[in-house]
Amino acid sequence: MAFIKYPIYVGANRGRGQVNPTGDKTNNNVILASSSGQVTNVETLEKGGFNITIQDTSGNAQTQAVPKGLEVLVKAGVVVKADQPLTN
């Protein structure tokens with residue numbers, strides 16, 4: 001008597017685009033600019049990672065968190081467009 005003659009796959013999303021339980025992207029994703037504007041600050045965090053502040057044309061500033069392990073491609077003073085990669 002033979003049981004289970006077919007393969008069983010258990011979990012493990014090994015592809016790109018994974019999301020942490022907190023809702024943050026994992027470090028194998030490219031972080032994109034949430035809005036168009038000028039990068040005003042790139043702050044390095046103590047525990048690793050970065051906070052990138054983008055100021056749009058109306059003066060509103062938005063801060064984006066970048067997890068550790070990614071290389072930031074932008075510097076303060078650079079003008080970015082919405083959905084432009086901030087990391088590699």
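- For the pair L86/L32, no side-chain contact is recorded, criterion being any heavy-atom separation below 4.5 Å from C-beta on.
- Follow the hydrophobic side-chain contacts under 4.5 Å out from V72 and you reach V78 in the same cluster.
- Across all their heavy atoms, T87 and V66 have their closest contact at CG2-CG1, 3.7 Å.
- S36 places a side-chain N or O within donor-acceptor distance of the main-chain N or O of A82, the cut-off being under 3.5 Å.
- A donor-acceptor pair is defined here as one N or O able to donate and one able to accept, closer than 3.5 Å; no such pair exists between the side chain of Q84 and the backbone of S34.
- The side-chain heavy atoms of I31 and P67, taken from C-beta on, include a pair separated by under 4.5 Å.
- Heavy atoms only, all atoms of each residue included: Q62 and S35 are closest at OE1-OG, 3.4 Å.
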Show me the donor-acceptor pairs, under 3.5 Å and distance only, between side chains in residues 39-55 and residues at least two apart or in other chains.
unit_1	atom_1	unit_2	atom_2	d
T40	OG1	T53	O	3.4
Q55	NE2	G59	O	3.4

